[in-house]
Amino acid sequence: MRCTIVGARRSGTAAAILAQKLGFSVFVTESGPAESCPEAIILIKSGIDVEFGGHSLKRALDTDLMISSPGVPPSSPVLSAARQAGIPLISELEFASRYATAPIVAITGTNGKTTTTALTAHLLRAGGFDAIACGNIGVPLAQLVADDLDRPASDRRVYVAEASSYQLALCETFHPRVAAILNITPDHLHYHGTFDEYVRAKWKIFQQQTPSDVLILCADDPYAAEASRHARSRIEWFSVHPIAAGMYARADDRSIIVVSSNTEVKLMSYTELPLRGVHNVYNSMAAALAARAFEVTNENLRDSLLSFTGVEHRLEHVRIVRGAEYINDSKATNINATWYALQAFEQPIVLILGGQADQNNYAMLDDLVRQRCRCIICFGEEAETIFNHFCTSVRCYRTATLSEAVECAWSVACEGDIVLFSPACKSFDQFMNFEHRGQVFKELVHQLPEC
């Protein structure tokens, strides 16, 4: 069987290696040059037929199956041509899941996916499972499935996959044993075209589930009730209000409560969680429900929730300089993520915003900015728009680059302040991705003088 893979980065390369191991005749086509693709050497050494610098449509369409990498836009001519030719078009996540030998826990949502994925794998490992975080979090699912073809299957193996809307949009038979939708707010509209299409992509995470599977939903999300009506799986809810089944955060004693069979059990105080912010209370409950689906005990859950310290680029402590704490939240690539970040701190905030917009509505931040921010520092492509929006309500500074923004923060921050780098924008105006942006921010902060 012939297989064309569009995109030669991490997920495309992993899909190519898996397809080769499964006996497919593989062709990989990449629009960028080989020197800009670190995975090129892997494909070449593996003897996989690969082209760089553009897509040869005739070769790409001479196939029985096309697999698209997440970064390839749906309007790409090669994908459009495949649709017109009636060639099956799927994502790397879909392809890998068809050959997975272990159960899949899949986690999606506009915000919180990475933290919840890493935390779920952490909780499962504490419960005795061989759980690996994968998918959009860094290691493609196809890479793990390919590796597991070469070793005896373990009955304790679990794949915990962060599933992006890009990956889910091209899924057909994807069937996780446990699925979680953390929240849905407008994002990636440049990719999906409309918010309805974005929601439809997210819902693909549960559409192949059966009554023996589990779907975890946030009762406080406006789209969750409608999702539950379309699901055949067993629903577990999480909320900051009392619910009938699942977990909720009880305000009067600040506890996480497990609700099951009409009984309530206190799991722990959410004030004990190492992760800051109400959004991480939500993330912790979702991850704990996913682990409970594999019968991890409440005692194990509590102990491992206490030991989890978070993920890079998400409310990450960097350094204290002249009494001000610098926080790297580069993963905040949309307004909603920055809204949650602002809620996580009680100290005065020097907020660094900027990057590339995706139909951003900054008015969502107005109340929190007025309540919590000492000032805003704008940078990048959106600097002018951000400055014009906030300058009448809080002191604002305009800068061109992140380096200038960090220098400005150092000059205006006072002892006891939080310097919060939570951009609310995509990174692609000046950086390769949010990880690159966050790494640069940390390097800049570490270069700041103490006096």
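Counting begins at 1 with the first residue of the sequence. This one's a predicted model, so the numbers in the text were calculated from it and none came from an experiment.
- Between the side chains of Asn298 and Arg292, a donor-acceptor pair is found at a separation under 3.5 Å.
- Atom CD of Glu346 has 12 or fewer heavy atoms from other residues, nucleotides or ligands within 6.0 Å.
- For Ser36 (side chain) and Pro33 (main-chain N/O), a donor-acceptor pair under 3.5 Å exists by modelled atom type.
- Distance check, rounded to the nearest 0.5 Å: NE2 of His122 to OG1 of Thr309 gives 8.0 Å.
- Between the side chain of Asn360 and the backbone N or O of Asp358 there is at least one donor-acceptor pair closer than 3.5 Å.
- Just one of Phe195, Trp203, Tyr198 meets the ring-ring contact (aromatic ring centres under 6.0 Å, His included) condition when paired with Tyr223; it is Phe195.
- Listed here is the closest heavy atom pair of Cys171 and Lys204: O-NZ, 3.2 Å.
- Side-chain atoms of Glu325 and His317 include a donor-acceptor pair closer than 3.5 Å.
- A salt bridge does not link Glu435 to Lys331: none of the charged side-chain nitrogens sits closer than 4.0 Å to a carboxylate oxygen.
- A salt bridge is absent between Asp213 and Arg234; no separation between the charged side-chain nitrogens and carboxylate oxygens falls under 4.0 Å.
- Ala288 and Leu301 get closest at one heavy-atom pair: O-CD1, 4.0 Å.
- Although no hydrogens or angles enter the test, the distance criterion places no donor-acceptor pair under 3.5 Å between the side chain of Asn300 and the main chain of Val296.
- A search for salt bridge (charged side-chain N to carboxylate O under 4.0 Å, His left out) contacts involving Glu443 returns nothing, not counting sequence neighbours.
- Ring-plane geometry between Phe421 and Phe441 is classed as parallel, the angle between the planes falling under 30 degrees on a 0 to 90 degree scale with a further cut at 60.
- Ring pair Phe294/Phe129 is perpendicular by interplanar angle, where above 60° counts as perpendicular and below 30° as parallel.
- Formation of a donor-acceptor pair under 3.5 Å by the Asp221 side chain with backbone atoms of Cys218 is not found in this model.
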| message | Set out, in order, the CA-CA distance, both residues' side-chain angles and the distance that settles side-chain contact (heavy atoms from CB on, under 4.5 Å) for Leu170 and Glu94, then state yes or no. | response | CA-CA 7 Å; Leu170 292 178; Glu94 165 73 14; over 6 Å; no
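- Side-chain N/O atoms of Thr263 and Ser261 include no donor and acceptor closer than 3.5 Å.
- The CZ atom of Arg372 sits 12.5 Å away from the CG atom of Leu351 when rounded to the nearest 0.5 Å.
- At a cut-off of 3.5 Å, with distance as the only test, a side-chain donor of Asn334 or Asn111 sits close to an acceptor on the other residue.
- Counting only heavy atoms from C-beta outward, the side chains of Phe238 and Leu217 never approach each other to under 4.5 Å.
- With hydrogens and angles left out, the side-chain atoms of Arg437 and Ser330 include a donor and acceptor closer than 3.5 Å.
- Nearest heavy-atom pair, Pro176 versus Gln209, reported as atom, atom and distance to 0.1 Å: O-NE2, 3.0 Å.
- For the residue pair Asn183 and Tyr340, no side-chain donor N or O sits within less than 3.5 Å of a side-chain acceptor on the partner.
- Atom CD of Glu299 has 12 or fewer heavy atoms from other residues, nucleotides or ligands within 6.0 Å.
- When every heavy atom of Asp429 is checked against every heavy atom of Gly380, the shortest pair comes out as OD2-CA, 3.5 Å.
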| field | Full working for side chain to side chain donor-acceptor pair (under 3.5 Å) between Lys113 and Ser164 | value | CA-CA 8 Å; Lys113 297 186 295 297; Ser164 73; over 6 Å; no
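- Side-chain atoms of Ser80 come within 3.5 Å of backbone atoms of Ser76 as a donor-acceptor pair (strictly under, hydrogens ignored).
- Going from atom CD1 of Ile377 over to atom CD of Glu404 covers 11.5 Å, rounded to the nearest 0.5 Å.
- Counted within 6.0 Å of CZ on Arg370, heavy atoms from surrounding residues, nucleotides or ligands total more than 12; the atom is thus considered enclosed.
- Around the CZ atom of Arg125, the shell of radius 6.0 Å holds more than 12 heavy atoms that belong to other residues, nucleotides or ligands.
- Side-chain atoms of Thr29 never come within 3.5 Å of backbone atoms of Val6 as a donor-acceptor pair (strictly under, hydrogens ignored).
- Test Leu267, Val259, Ile257 against Met247 for side chain to side chain contact (heavy atoms under 4.5 Å, CB included) and you get one pass: Leu267.
- Annotation: the span from Cys425 atom SG to Gln356 atom CD amounts to 9.0 Å, rounded to 0.5 Å.
- Judged by distance alone, with hydrogens and angles left aside, the side-chain atoms of Arg250 form no donor-acceptor pair with the main-chain N or O of Val240 at under 3.5 Å.
- Rounded to the nearest 0.5 angstrom, Ser97 OG and His175 NE2 are separated by 10.0 Å.
- More than 12 heavy atoms of other residues, nucleotides or ligands sit less than 6.0 Å from atom CG of Asp253.
- For the pair Thr110 (side chain) and Thr185 (backbone), a donor-acceptor distance under 3.5 Å is present.
- The structure places CG of Leu315 at 6.5 Å from CG of Asn280, a figure rounded to the nearest 0.5 Å.
- Geometrically, Arg254 does not engage Tyr270 in a cation-pi contact defined by less than 6.0 Å to the ring centre and at most 45° from the axis.
- Using a distance-only test at 3.5 Å, with no hydrogens or angles considered, a donor-acceptor pair links the side chain of Gln430 to the main chain of Ala400.
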| Derivation of the side-chain contact (heavy atoms from CB on, under 4.5 Å) call for Leu119 and Ser284 | CA-CA 7 Å; Leu119 179 53; Ser284 297; 3.8 Å; yes
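- The environment of CD in Gln371 is crowded: more than 12 heavy-atom neighbours from other residues, nucleotides or ligands sit within 6.0 Å.
- Scanning all heavy atoms of the two residues, the minimum distance from Ala8 to Glu39 falls at O-CB, 3.5 Å.
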| request: Start with the C-alpha gap between Asp329 and Glu316, add the side-chain angles, then the distance that decides, and say whether side-chain contact (heavy atoms from CB on, under 4.5 Å) holds. | output: CA-CA 6 Å; Asp329 196 40; Glu316 176 190 10; over 6 Å; no
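- Contact check on Arg200 versus Glu197 returns a salt bridge, with a Lys/Arg side-chain nitrogen under 4.0 Å from an Asp/Glu carboxylate oxygen.
- Put simply, the side chain of Glu450 gets close to the backbone of Arg322: a donor and an acceptor are under 3.5 Å apart.
- Checking Ser91 against Gln167 by side-chain atom types alone, no donor-acceptor pair falls below 3.5 Å.
- Residues Lys202 and Ser165 bring no donor and acceptor atom of their side chains to less than 3.5 Å of each other.
- When all heavy atoms are compared, the tightest approach of Ala293 to Val214 is CB-CG2, 4.2 Å.
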| query | Hey, mind stepping through Leu420 and Ile352 against side-chain contact (heavy atoms from CB on, under 4.5 Å) and telling me if it holds? | reply | CA-CA 6 Å; Leu420 176 61; Ile352 303 176; over 6 Å; no
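- Under 4.0 Å is where a charged nitrogen must lie from a carboxylate oxygen, and between Asp130 and Arg157 at least one such pair does.
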| field | Stepwise side chain to side chain donor-acceptor pair (under 3.5 Å) check, Ser239 with Asp220 | value | CA-CA 6 Å; Ser239 176; Asp220 306 333; 2.7 Å; yes
